[in-house]
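Worksheet for the structure shown next.
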Amino acid sequence: MYQFLGETLTTFYQSSKQDKPWQLGYSPYQIWIYEIILQQTRMAQGMPYFDKFIKRFPNIETLAKSSLDEVLEQWQGLGYYSRARNLHATARFISENLNNEFPKTYDALIKLKGIGKYTAAAISSFAYGENQYVLDGNVYRVLSRYFGETTEINSSQAPKTFYAYLEKIHKNFDSQILNQSLMDYGAQICTAKLPKCSECKLNLHCVAYLSNQIIHYPQKIKPNKLRNRYFYCVFYLNEDVIYLKKRIEKDIWQDLYQGDMVESEAFPDKRFIFPIKEKDFDLDWSIQRLTHQKIHIKFAIKPIESFDLNTLGEENFYALSELHRIPMPKIIDTFLRNLR
DNA sequence: AAGTCGGGGAT
DNA sequence: ATCCCAGACTT
């Protein structure tokens with residue numbers, strides 16, 4: 001089974017005409033950005049951000065010299081903002097401690113912030129040809145179906161189980177090619193929904209397919225139910241100035257900007273503490289469904305009074321003309337855009 | 001070992 | 001409405 005899998009994937013790779021990052025002449029730095037952006041993110045969503053990001057920060061030095069706000073601004077709308085924070089911190093670390101030289105080995109890469117087993121393997125394999133195995137969502141899916149592996153892929157023991165498969169598969173084949181073809185196969189043929197089993201060359205030995213159980217693989221532990229969260233958000237505003245404050249809590253949207261915002265148990269909340277009444281929050285009510293949370297925000301606009309500047313802190317007021325350079329959560333950004 | 005972190009697109 | 005994506009980090 002291992003030999004057949006390796007041969008089939010190698011053949012698939014050679015017939016695939018899709019351009020690979022390293023074939024496009026991407027530098028190790030660019031492959032790093034590429035892999036971070038594509039964490040938990042589809043190609044179609046990530047690639048426009050990759051192009052923008054590389055154009056704005058062509059190398060380690062420019063990224064390291066930029067402010068966190070500037071990096072987050074490029075990242076706005078992409079989600080999982082810790083990726084941008086770690087990217088920025090790692091760029092500065094490499095610039096200050098490694099003489100601007102990007103680490104070249106798996107062992108060095110995995111010590112960097114934001115780089116885990118997958119990304120260390122991907123960079124060291126794709127940029128430097130090191131013999132390492134990538135294990136991502138695509139690989140989990142292909143292997144679990146092909147071998148009929150019932151270990152839940154989001155369980156804590158999943159990595160150990162699946163790396164054992166990879167070790168045997170990679171034994172007689174080129175790791176770089178196998179890494180890329182496993183992921184491409186999962187993305188193009190062995191897809192999560194409506195897999196193309198009829199044109200799949202692996203189905204001769206695919207345990208899930210032969211037992212007609214494809215739909216039940218990969219197995220997964222049920223996620224927790226959606227958490228509802230309710231926020232009130234006030235924008236103190238006049239013709240050319242707006243109040244914005246950075247979220248500093250270790251919570252969703254850390255380091256992004258928002259209005260004067262408080263969270264409540266529900267709408268309406270008796271403990272409401274803003275200087276304007278709950279009924280003034282009829283301006284708009286946005287709901288955003290995320291993977292694990294459902295965000296409800298009631299927005300309000302309040303003209304700036306002279307005492308507001310003292311109460312809220314003058315440093316938190318920004319010119320409207322520079323609004324586009326301030327990173328904000330998608331739902332906040334959308335509201336402010338619609339305001340115009 | 002379990003929880004947390006975004007947003008979008010396909011079904 | 002549900003799933004899940006070229007995952008990593010914290011508790």
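Every chain is numbered from 1 and lettered A, B, ... according to where its sequence line falls, protein lines coming before strand lines. Atom set for the values below is all heavy atoms of this structure, side chains included, hydrogens, waters and symmetry mates excluded.
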Run the numbers on A:Tyr13 and A:Phe173 for ring-ring contact (aromatic ring centres under 6.0 Å, His included), then give the verdict.
-> CA-CA 12 Å; A:Tyr13 173 84; A:Phe173 295 91; over 10 Å; no

Indicate, with a heavy-atom threshold strictly under 4.0 Å, whether [X] touches base, sugar-phosphate, or nothing.
{"X": "A:Gln288", "value": "sugar-phosphate"}
{"X": "A:Ile252", "value": "sugar-phosphate"}
{"X": "A:Arg141", "value": "sugar-phosphate"}

Work out how far the [atom1] atom of [N] is from that of [M], and round it to whole angstrom.
{"N": "B:dG6", "M": "C:dC4", "atom1": "C1'", "value": "13 Å"}
{"N": "C:dA8", "M": "B:dG8", "atom1": "P", "value": "22 Å"}
{"N": "C:dC5", "M": "B:dC5", "atom1": "C1'", "value": "14 Å"}

d([atom1], [X]; [atom2], [N]) in whole Å:
{"X": "A:Lys220", "N": "C:dT2", "atom1": "NZ", "atom2": "C1'", "answer": "12 Å"}
{"X": "A:Tyr80", "N": "C:dA6", "atom1": "OH", "atom2": "C1'", "answer": "14 Å"}
{"X": "A:His88", "N": "C:dA8", "atom1": "NE2", "atom2": "P", "answer": "21 Å"}
{"X": "A:Asp333", "N": "B:dG7", "atom1": "CG", "atom2": "C1'", "answer": "13 Å"}
{"X": "A:Leu78", "N": "C:dG7", "atom1": "CG", "atom2": "P", "answer": "13 Å"}
{"X": "A:Phe50", "N": "B:dG7", "atom1": "CZ", "atom2": "P", "answer": "22 Å"}
{"X": "A:His216", "N": "C:dC3", "atom1": "NE2", "atom2": "P", "answer": "13 Å"}
{"X": "A:Arg83", "N": "B:dC5", "atom1": "CZ", "atom2": "P", "answer": "15 Å"}

Side-chain N,O ([X]) to OP1/OP2 ([N]) below 4.0 Å:
{"X": "A:Gln293", "N": "B:dT4", "answer": "no"}
{"X": "A:Thr119", "N": "C:dA8", "answer": "yes"}
{"X": "A:Tyr81", "N": "B:dG7", "answer": "yes"}
{"X": "A:Trp253", "N": "B:dT4", "answer": "no"}
{"X": "A:Gln40", "N": "B:dG6", "answer": "no"}

Check nucleotides 9-11 of chain C for protein N or O atoms closer than 3.5 Å to its own N or O atoms and list the pairs.
from	atom 1	to	atom 2	distance (Å)
C:dC9	OP1	A:Gly114	N	2.3

Could you say whether A:Lys294 or A:Ala120 is positioned toward the 5' end of DNA chain C, judged by the nucleotide with the nearest heavy atom to each?
-> A:Lys294

Comparing nearest nucleotides in DNA chain C, the 5'-proximal residue of the pair A:Gln39, A:Pro218 is A:Pro218

Criterion ring pair (Phe, Tyr, Trp, His ring centres under 6.0 Å) against A:Phe281, the qualifying member of A:Tyr232, A:Tyr230, A:Phe299 | A:Tyr232

Got a sec? Which of residues 256-263 of chain A come in under 4.0 Å of DNA chain B, heavy atoms?
-> none

Could you tell me whether [X] and [Y] have their ring centroids closer than 6.0 angstrom?
{"X": "A:Tyr128", "Y": "A:Phe102", "answer": "no"}
{"X": "A:Trp75", "Y": "A:Tyr80", "answer": "no"}
{"X": "A:Phe147", "Y": "A:Tyr2", "answer": "yes"}
{"X": "A:Tyr243", "Y": "A:Phe235", "answer": "no"}

Does A:Glu70 come within less than 4.0 Å of A:Arg56, counting only side-chain N to carboxylate O?
-> yes

For the residue pair [Y] / [X], report whether a side-chain donor-acceptor contact shorter than 3.5 Å exists.
{"X": "A:Gln213", "Y": "A:Ser211", "result": "no"}
{"X": "A:Arg85", "Y": "A:Thr90", "result": "no"}
{"X": "A:Gln254", "Y": "A:Arg247", "result": "no"}

With distance as the sole criterion, do the side chain of A:Thr41 and the base of B:dG7 form a donor-acceptor contact below 3.5 Å?
-> no

Nearest to the side chain of [X], which nucleotide is it out of [options]?
{"X": "A:His292", "options": "B:dG6, B:dG7, B:dC5", "value": "B:dC5"}
{"X": "A:Gln180", "options": "C:dC3, C:dA6, B:dG6", "value": "C:dA6"}
{"X": "A:Arg227", "options": "B:dC5, C:dA6, B:dG7", "value": "B:dC5"}

Could you list the protein-to-nucleotides 9-11 of chain B atom pairs, N/O on both sides, closer than 3.5 Å?
none

Gap between atom CD1 of A:Ile177 and atom CZ of A:Phe12 - 0.5 Å precision | 13.0 Å

Between the CG atom in A:Leu336 and the CD1 atom in A:Ile242, the distance rounded to the nearest 0.5 Å is 5.0 Å

Of A:Leu290 and A:Ile221, the one whose closest nucleotide on DNA chain B sits nearer the 5' end is A:Ile221

Stacked cation flag A:Lys298 on A:Phe267, 6.0 angstrom / 45 deg | yes

Look at the rings of A:Phe162 and A:Tyr165 and say which category their plane angle falls in: under 30° parallel, 30 to 60° tilted, over 60° perpendicular.
-> tilted

